[in-house]
Amino acid sequence: MRIATWNINSVRLRIEMVLHFLEAYEPDVLCLQETKVVKDLFPASAFHERGYPHLAVAGIKGYNGVATISRIPLEQTETLTWCGRDDARHIAVRLANGPEIHNLYVPSGGDTPDPSTNEKFAHKLAFVEELTSWLPEAVHTAKADNREVILVGDMNIAPLENDVWSHKQMLGIVSHTPVEVEALNALQRAGAMVDASRHFVPAQEKLYSWWSYRARDWAASDRGRRLDHIWVTPGLSERLTGHGIVRDARGWAPKPSDHVPVWVDFD
DNA sequence: ATGGTGGTCCTACCA
């Protein structure tokens with residue numbers, strides 16, 4: 001089984017790119033973030049026609065939005081809300097006789113890493129903290145139901161030194177500040193979850209899933225960050241058989257997303 | 001310290 005996550009930055013603008021990814025990589029489940037479209041306008045038929053009849057979609061006009069697209073039947077789907085905002089950042093599904101999958105889009109957090117002056121940064125921290133309070137019980141409930149848990153998405157935080165191009169230069173930049181990294185680590189610990197990409201790639205090696213649109217030449221400067229993550233409960237980590245980050249997708253013409261797909265395989 | 005690009009939708013706002 002293959003599961004993939006991708007911040008697509010408008011699913012309607014880049015639908016051809018998504019379909020190309022499905023054809024080339026054949027994931028069983030694809031989790032999209034920043035779909036930027038309401039549920040009624042989501043391009044569901046394009047996925048139905050390509051063998052993905054099972055969709056769970058949450059969206060608002062113009063912003064955010066998450067969608068989980070599956071070849072495997074979904075037993076249950078649920079949209080979750082955090083910080084009292086119904087802003088389409090979290091959708092959960094249960095695969096038939098399979099794991100529970102949480103598809104997340106964590107707030108970006110604005111420019112200034114100070115929760116007292118930047119409301120967006122405060123929201124980002126509160127969002128991750130609310131997840132941290134919720135996750136232990138969610139994992140417990142899934143386990144009681146004999147299910148493993150997968151948590152994927154654009155977490156907008158690069159936790160390890162080699163998840164950014166320059167640890168030293170990024171310490172004060174939103175996405176790699178110590179307070180965010182600690183919040184993300186606390187969330188991971190709360191679920192006792194394993195970072196599936198780093199299960200394969202040692203912490204000493206650089207690993208990125210996002211490159212800014214603002215670079216003159218993203219590939220030459222290679223100032224990337226690993227913002228997109230796949231976490232699994234320990235029972236699933238034993239069954240991981242492969243992974244990939246599709247760096248090439250950052251160059252897919254004519255207008256790529258600034259994020260690329262991240263995927264893992266399970267036995 | 002500044003400005004660099006791209007998305008939605010039409011005026012800024014978000015990334």
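Residue numbering restarts at 1 for every chain, and letters A, B, ... go by the order of the sequence lines. Only a predicted model underlies this, so the values are computations on that prediction, with no experimental measurement involved.
In this structure, CD of A:Glu34 is placed 11 Å from C1' of B:dG6, rounded to the nearest angstrom. B:dC13 atom C1' lies 12 Å from atom CD1 of A:Ile60, rounded to whole Å. Atoms CG (A:Leu41) and C1' (B:dC9) sit 13 Å apart, rounded to a whole Å. Note: NE2 (A:His259) to P (B:dG7) measures 13 Å, nearest angstrom. Rounded to whole Å, atom C1' of B:dG6 lies 6 Å from atom OH of A:Tyr213. Rounded to a whole Å, the CD1 atom of A:Ile8 is 18 Å from the C1' atom of B:dC14. Here the P atom of nucleotide B:dT11 and the OH atom of A:Tyr63 are 13 Å apart, to the nearest Å. Between A:Asp154 atom CG and B:dG7 atom P there is a gap of 16 Å when expressed in whole angstrom units.
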Once Watson-Crick and G-U wobble pairs under 3.5 Å are found, how is DNA chain B written in dot-bracket notation, 5' to 3', with | for any base paired to another strand? ....((((...))))

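Remark on DNA chain B: of its neighbouring residues A:Arg14 and A:Asn64, the 5'-side contact belongs to A:Arg14, judged by nearest-heavy-atom nucleotide. Residue order along DNA chain B, read from the 5' end via each residue's closest nucleotide, puts A:Lys36 first among A:Lys36 and A:Ser108.
Side chain of A:Lys206 to main chain of A:Val164: a donor-acceptor pair is present (N/O by atom type, distance under 3.5 Å, no hydrogens or angles). Side-chain atoms of A:Gln188 come within 3.5 Å of backbone N or O of A:Met193 as a donor-acceptor pair.
Using a 4.5 Å cut-off on side-chain heavy atoms (C-beta onward), A:Val29 and A:Ile150 make no contact. The side-chain heavy atoms of A:Pro27 and A:Tyr52, taken from C-beta on, include a pair separated by under 4.5 Å. Side-chain contact between A:Leu22 and A:Phe47: present, with at least one pair of heavy atoms (C-beta onward) separated by less than 4.5 Å.
Here B:dG7 is the nucleotide among B:dG4, B:dC9, B:dG7 with the atom lying nearest to any side-chain atom of A:Ser10. Of the candidate nucleotides B:dA15, B:dC9, B:dG6, B:dC9 has the atom nearest to the side chain of A:Arg12. Closest approach to the A:Leu13 side chain among B:dT8, B:dA15, B:dC9 is made by B:dT8 (side chain taken as heavy atoms from C-beta onward).
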Using the salt bridge (Lys or Arg N to Asp or Glu O under 4.0 Å) rule, take A:Glu119 and A:Arg85 through it: C-alpha gap first, then chi angles, then the decisive distance, then the call. CA-CA 14 Å; A:Glu119 185 278 329; A:Arg85 306 188 193 195; 2.5 Å; yes

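At a threshold of 4.0 Å, the pair A:Asp222-A:Arg247 counts as salt-bridged, since one of the basic side-chain nitrogens sits closer than that to a carboxylate oxygen.
Residue A:Lys255 places none of its side-chain N or O atoms closer than 4.0 Å to OP1 or OP2 of B:dG6.
Listed here is the closest heavy atom pair of A:Arg250 and A:Val260: N-CG1, 3.3 Å.
Taking atom P on both nucleotides, B:dT2 is separated from B:dG6 by 23 Å, rounded to a whole Å. When the C1' atom is used for both B:dA15 and B:dC9, the distance is 15 Å, rounded to whole Å. The separation of B:dT11 from B:dG7, taken at their C1' atoms, amounts to 14 Å, rounded to a whole angstrom. Nucleotides B:dA1 and B:dT5 have their P atoms positioned 22 Å apart, rounded to a whole Å.
Backbone-only engagement by A:Arg89 is indicated by non-hydrogen atom pairs under 4.0 Å involving sugar-phosphate atoms exclusively.
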